[in-house]
Q: 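Take a look at this one; I'll ask things after.
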Amino acid sequence: LGVHRSQVERWRGQYGRGSAPLRSGELRGEEAEELKRLRAEVKQLRMEREILKKAAAFFAKESS
């Protein structure tokens, strides 16, 4: 196959430890969980920001 023995041994070791190289855009389980958590946090923070903007506009109208 034209692949050096040391390269095959390195690949074998990586796959055995569960640290195989990933394809572009592919995430490991813990990374996928963190991404999911962070996306949920971003969604929550955006909603809170919108509520605060509306409240600020409401109180600005009231004080005028």
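The first residue in the sequence is number 1, and the count goes up from there. Being a predicted model, the structure only gives us computed values, none of them experimental.
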Q: Mind checking the CG-CD spacing from Leu35 to Glu33? Nearest 0.5 Å is all I need.
A: 9.5 Å
Q: Can you name the residues that form a salt bridge (charged side-chain N to carboxylate O under 4.0 Å, His left out) with Glu48, not counting sequence neighbours?
A: none
Q: Restricting to side chain to side chain contact (heavy atoms under 4.5 Å, CB included), what partner residues turn up for Arg37, sequence neighbours left out?
A: Glu34, Glu41
Q: Which other residues belong to the hydrophobic cluster containing Phe58, where Ile, Leu, Val, Met, Phe, Trp and Tyr are joined when side-chain heavy atoms lie under 4.5 Å apart, directly or via other members?
A: Phe59
Q: So which heavy atom on Ser63 is nearest to which on Ala60, and how close?
A: OG-O, 3.2 Å
Q: Go through the structure and list residues passing side chain to side chain contact (heavy atoms under 4.5 Å, CB included) with Val3, not counting sequence neighbours.
A: Leu1, Gln7, Val8, Trp11
Q: Just jot down the salt bridge (charged side-chain N to carboxylate O under 4.0 Å, His left out) partners of Lys53, sequence neighbours excluded, or say none.
A: Glu50
Q: Not counting sequence neighbours, which residues clear side chain to side chain donor-acceptor pair (under 3.5 Å) with Ser6? List them please.
A: His4
Q: Tell me whether the count of non-hydrogen atoms from other residues, nucleotides or ligands lying under 6.0 Å of CZ in Arg46 goes above 12.
A: no
Q: Can you list the residues that meet the side chain to side chain contact (heavy atoms under 4.5 Å, CB included) rule with Arg5, with sequence neighbours excluded?
A: Glu9
Q: Going by salt bridge (charged side-chain N to carboxylate O under 4.0 Å, His left out), name the residues that satisfy it together with Glu62, two or more places apart in sequence or in a different chain.
A: none
